[in-house]
Amino acid sequence: MLASLFAMMSMATNAQTYLDPNAPLEERVKDALSRMTLHEKVNILHAQSKFTSAGVPRLGIRQLNMDDGPHGVREELEWNTWSPAKWTNDSIVAFPSLTCLASTWNRELSEAYGDAVSEEFAFRGKDIMLGPGANIARTPLNGRAFEYMGEDPYLAGEMLVPYIKAAQANGVACCLKHFVLNDQEIDRFTVNVNVSERALHEIYLSPFKRAVEKANIWTIMGSYNLWKNVHCCHNDELLNGILKKDWNWDGALVSDWGGTTNTWEAAMGGLDIEMGTYTDGKLRESEFGYEHYYLANPFEKLLKEGKVPMSVLDDKASRVLRTIFRTAMNPNKVIGSQCSEAHYEACRQIAEEGIVMLKNQKNILPIDATQYKKILVVGDNATRSLTKGGGSSELKSLRDISPLEALQTLYGDKIDYAQGYYAGRSIYDRVDAIDPAKQAELNAEALQKAQGSDLIIFVGGLNKNHRQDCENGDRESYDLSYGQNELISQLAKIQKNIIVVMFGGNPYSMPWLNQVSALTHCWYLGSESGTALANVLCGKVCPSGKLPITFAEKYEDYPYVKYGPEAYPGVNKQVHYKEDIFVGYRHFATNNVTPRFPFGFGLSYTTFSCSKPVAAKSGNEVTITVTVSNTGAVAGKEVVQVYAQSPKGELPRPIKELKGFAKTKLLQPGESQTLSITIPVEELRHFNDSQHDWTLISGDYTFHVGTSVNDIFGKATVNL
């Protein structure tokens with residue numbers, strides 16, 4: 001009798017395929033699903049704390065642990081509040097912002113980023129990294145643009161893919177956000193986005209689709225805003241139609257925190273994991289437990305009443321189980337590491353290649369320290385920790401090297417410092433009050449110290465305060481805040497040798513540009529910020545970053561502005577993307593609007609020559625071949641960019657659309673490298689609203705090959 005019992009137990013154990021890590025994934029999912037009760041299936045579809053969703057303890061199925069990214073692991077919070085848990089071992093490496101990564105135009109660095117940051121998530125026991133971001137930089141005022149990859153869907157998509165692949169190879173799911181049209185922070189919870197079907201597919205969905213089809217992204221986060229007057233976190237046409245049916249996506253759709261608003265839509269609209277509902281740390285939180293979530297007891301009630309088919313539940317539960325087996329119960333998930341020197345090295349390299357040199361008059365850069373007795377560093381961002389603030393992407397870093405610290409290490413007693421202006425504290429939902437008297441005092445100190453300087457390095461720009469680069473609010477002006485424009489002009493009148501270094505995730509006006517000798521834009525560089533900047537300024541590293549966004553001469557030059565508030569930020573909670581597909585450089589190039597600095601632009605300490613591009617068609621691909629030679633005196637890297645111009649058709653097309661790019665290795669003086677850039681013919685299609693599908697126009701395609709959208713060194717034509 002006892003032997004028979006043991007045999008039965010053994011058979012039962014052997015039948016638990018879902019516990020066998022070597023069983024095929026879909027068999028594990030199917031087996032686990034068959035063993036779960038209705039309540040257990042429902043229970044894994046919603047949060048059980050601020051950043052976890054439930055597993056099935058009875059079956060040994062683990063919970064999912066999530067945390068904010070994508071620039072590093074957020075500090076640990078209390079189980080059920082937004083308050084820090086005050087751990088002493090959750091300090092991490094702060095990696096550069098994704099705008100900085102996009103500025104490298106380097107797919108290998110994107111892979112290194114995904115690998116390193118996911119190791120830190122794994123070490124902290126996290127299964128899902130809430131990032132990266134793929135929303136489009138439609139407006140330079142977007143408070144969250146620093147978390148995204150710029151204005152071009154092709155560049156964004158191509159830079160996302162290696163990051164996602166590397167992270168998920170480590171057993172950490174990326175949660176690509178925010179799907180979709182979350183391109184402003186003003187009214188982000190309630191605004192309905194009106195956009196043409198063509199612009200939706202060609203511009204806004206494009207990087208997400210690339211991540212699904214080329215990187216097999218495991219989870220995606222829905223956005224707060226509405227499309228077709230339905231919230232995107234449970235939008236049937238968007239999630240069940242486009243994402244899951246048209247793109248054949250098998251992952252789990254996670255709501256943004258508090259983005260779920262309705263049980264029926266959550267049930268039928270494609271949402272798989274509901275997070276953050278009524279758990280904002282306020283009094284009402286105590287009135288609603290996790291069992292009251294829209295996908296909890298209310299959903300279970302609909303199922304038991306037969307109002308929702310069981311197939312809907314099984315599909316959701318299967319997607320969540322698939323995620324658990326890919327991450328929390330993945331036998332190949334890495335142990336990871338935290339704050340390793342290898343991670344700091346990756347951080348520094350990404351930061352160095354993401355820095356963009358925009359002006360270098362009379363080659364004042366790199367700095368020749370022998371020419372100067374006294375170097376004055378001015379600016380709040382020279383000492384401010386730019387890993388703090390910004391909203392959910394705020395990081396608790398183990399060490400941050402500031403620009404001032406790194407410059408002092410380089411140049412010693414030659415360095416003097418004046419804050420110059422006060423920028424307030426990093427506050428999430430309000431602007432810190434600034435005392436005009438204190439501001440005047442700081443201005444005066446900087447101007448007085450400038451009198452005795454041989455060189456001024458101004459370190460300013462944006463920061464991660466509310467209405468700067470910060471979640472839950474957009475910038476109020478294209479101008480720099482805190483009186484920086486006026487201060488730079490006053491400093492330039494005193495000392496002509498002035499180098500301006502700007503941080504920030506967005507473009508800005510530059511009324512002082514003609515008065516300064518050099519301008520370098522840094523985005524947010526992470527823990528190695530100061531070291532990376534100093535290495536570029538002193539010439540140890542040759543700058544090779546290129547802009548992923550257009551810097552306009554003035555705010556009115558951006559394409560949506562002429563359409564008034566209906567186009568941004570919206571009227572009566574309705575915003576209309578009236579510029580259609582002509583976002584960013586597509587507008588500037590097609591309508592002959594001269595930008596301050598064009599998309600793809602960036603200077604170097606060396607010079608390059610490029611051969612005439614040669615185009616060849618083979619099968620369903622066009623290959624552009626170019627030889628790049630370093631004709632200067634120092635080693636450097638160059639980015640070759642290919643912009644396609646389509647033959648005329650019934651629909652308007654941009655003059656130039658980025659369809660390929662490649663970055664050289666580090667070329668020594670006199671060294672050359674041949675680059676082959678392959679463009680699948682399907683990349684040249686456009687979306688036809690009337691046909692509701694992609695189409696390719698027959699005829700001659702011109703490929704503009706250059707080092708920015710405006711710096712074209714050759715063309716090649718192919719008939720398709």
Side-chain angles (χ1 to χ4, degrees), residues 96 100-101 103-109 112 345-372 375 401 403 406-407 409-412 414-415 454-455 457 459 497-502 516-523 525 528-547 597-598 600-611 626-641 661-675 705-708 711 713:
C100 180
L101 176 60
S103 295
T104 69
W105 294 62
N106 187 330
R107 295 176 178 88
E108 292 180 359
L109 282 183
E345 176 73 6
C347 173
R348 181 186 56 76
Q349 289 181 357
I350 295 161
E352 288 170 349
E353 285 205 26
I355 291 172
V356 186
M357 185 167 68
L358 296 173
K359 181 179 180 180
N360 190 19
Q361 187 174 311
K362 297 181 180 178
N363 293 323
I364 193 172
L365 290 173
I367 295 170
D368 181 357
T370 64
Q371 300 296 309
Y372 309 107
I375 301 173
I401 300 174
L407 290 169
T409 300
L410 260 183
Y411 301 122
K414 289 187 176 185
I415 296 291
D454 302 308
L455 173 69
I457 304 175
V459 185
N497 294 324
I498 180 168
I499 297 167
V500 174
V501 174
M502 291 297 186
V516 305
S517 301
L519 171 62
T520 299
H521 187 76
C522 293
W523 318 104
L525 302 180
E528 291 288 300
S529 179
T531 304
L533 174 61
N535 285 348
V536 169
L537 294 182
C538 77
K540 183 178 179 180
V541 171
C542 181
S544 63
K546 303 282 187 176
L547 293 177
F597 296 110
F601 177 80
L603 299 174
S604 172
Y605 292 152
T606 191
T607 55
F608 299 94
S609 68
C610 300
S611 67
V626 175
T627 298
V628 182
S629 302
N630 184 346
T631 56
V634 299
K637 298 181 180 182
E638 180 60 292
V639 179
V640 173
Q641 304 160 34
F661 65 89
K663 192 166 192 174
T664 67
K665 65 179 184 179
L666 185 68
L667 295 177
Q668 300 298 321
E671 188 177 7
S672 300
Q673 182 182 359
T674 298
L675 300 176
V705 186
T707 53
S708 85
D711 297 297
F713 59 77

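Position 1 is the first residue of the sequence, and the numbers go up from there.
- Separation of atoms OG (Ser611) and CG (Leu675) is listed at 9.0 Å; rounding is to 0.5 Å.
- Looking at Leu667 and Val628, their side chains come closer than 4.5 Å, going by heavy atoms from C-beta outward.
- Residues Asn630 and Val634 come closest through the heavy atom pair ND2-O, 2.9 Å.
- In this structure Glu528 satisfies the salt bridge (charged side-chain N to carboxylate O under 4.0 Å, His left out) test together with Arg399, sequence neighbours excluded.
- With values rounded to the nearest 0.5 angstrom, Asp368 atom CG is found 11.5 Å from Asn363 atom CG.
- Formation of a donor-acceptor pair under 3.5 Å by the Gln641 side chain with backbone atoms of Gly600 is found in this model.
- When atom types are taken as modelled, the side chain of Trp105 and the backbone of Lys546 share a donor-acceptor pair closer than 3.5 angstrom.
- When every heavy atom of Cys100 is checked against every heavy atom of Ile350, the shortest pair comes out as SG-O, 3.8 Å.
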(request) Could you please spell out the steps behind the side chain to side chain contact (heavy atoms under 4.5 Å, CB included) verdict for Ile367 and Leu410? (result) CA-CA 11 Å; Ile367 295 170; Leu410 260 183; over 6 Å; no
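- Under the 4.5 Å side-chain criterion, counting only non-hydrogen atoms from C-beta, Leu365 is not in contact with Leu603.
- Looking at residues two or more places apart in sequence or on another chain, you find a side chain to side chain contact (heavy atoms under 4.5 Å, CB included) between Glu108 and Asn106.
- Residues Trp523 and Leu101 have side chains not in contact (no heavy-atom distance under 4.5 Å, counting atoms from C-beta outward).
- Residues satisfying the ring pair (Phe, Tyr, Trp, His ring centres under 6.0 Å) test with Phe601, not counting sequence neighbours, are Phe597.
- Side-chain atoms of Cys542 and Thr606, non-hydrogen and from C-beta on, do get closer than 4.5 Å to each other.
- In this structure Thr664 satisfies the side-chain hydrogen bond (donor to acceptor under 3.5 Å, both in side chains) test with no other residue, sequence neighbours excluded.
- Every residue was checked against the salt bridge (charged side-chain N to carboxylate O under 4.0 Å, His left out) condition with Lys359, not counting sequence neighbours, and none meets it.
- Scored by the side chain to side chain contact (heavy atoms under 4.5 Å, CB included) test, Val459 finds Val377, Asn381, Ala382, Pro403, Ile457, Val501, Phe503 as partners (sequence neighbours excluded).
- Take Lys665 and apply the salt bridge (charged side-chain N to carboxylate O under 4.0 Å, His left out) test, not counting sequence neighbours, and it matches Glu671.
- Nearest heavy-atom pair across Ala406 and Ala534 is CB-CB, 3.8 Å.
- Taking CD from Gln361 and CG from Leu519, the interatomic distance works out to 12.0 Å, rounded to the nearest 0.5 Å.
- Listed by chain and number, the residues in a ring pair (Phe, Tyr, Trp, His ring centres under 6.0 Å) with Tyr411 amount to none (sequence neighbours excluded).
- Of all heavy-atom pairs between Ala635 and Pro669, the closest is N-CD, 3.9 Å.
- The CD1 atom of Ile415 sits 10.0 Å away from atom OG1 of Thr409, with the distance rounded to the nearest 0.5 Å.
- Residues satisfying the side chain to side chain contact (heavy atoms under 4.5 Å, CB included) criterion with Thr674, sequence neighbours excluded, are Thr625, Thr627.
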Point to revise | side chain to side chain contact (heavy atoms under 4.5 Å, CB included) between Thr707 and Glu638, intermediate numbers included | key: CA-CA 8 Å; Thr707 53; Glu638 180 60 292; 3.3 Å; yes
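- In terms of modelled atom types and a separation under 3.5 Å, the side chain of Ser629 and the main chain of Thr631 share no donor-acceptor contact.
- Ser529 meets the side-chain hydrogen bond (donor to acceptor under 3.5 Å, both in side chains) test with no other residue; sequence neighbours excluded.
- At least one donor-acceptor pair closer than 3.5 Å links the side chain of Asn360 to the backbone N or O of Ile364.
- Proximity of Asp454 to Gln371: side-chain heavy atoms (C-beta onward) are nowhere separated by under 4.5 Å.
- Residues satisfying the side chain to side chain contact (heavy atoms under 4.5 Å, CB included) test with Pro366, not counting sequence neighbours, are Tyr605.
- For Lys663, the side-chain hydrogen bond (donor to acceptor under 3.5 Å, both in side chains) partners two or more places apart in sequence, or in a different chain, are Glu353, Ser544.
- For the residue pair Tyr372 and Leu455, the shortest heavy atom distance occurs at CD2-CB, 3.7 Å.
- Closest of all the heavy-atom pairs between Arg348 and Ala532 is O-CB, 4.1 Å.
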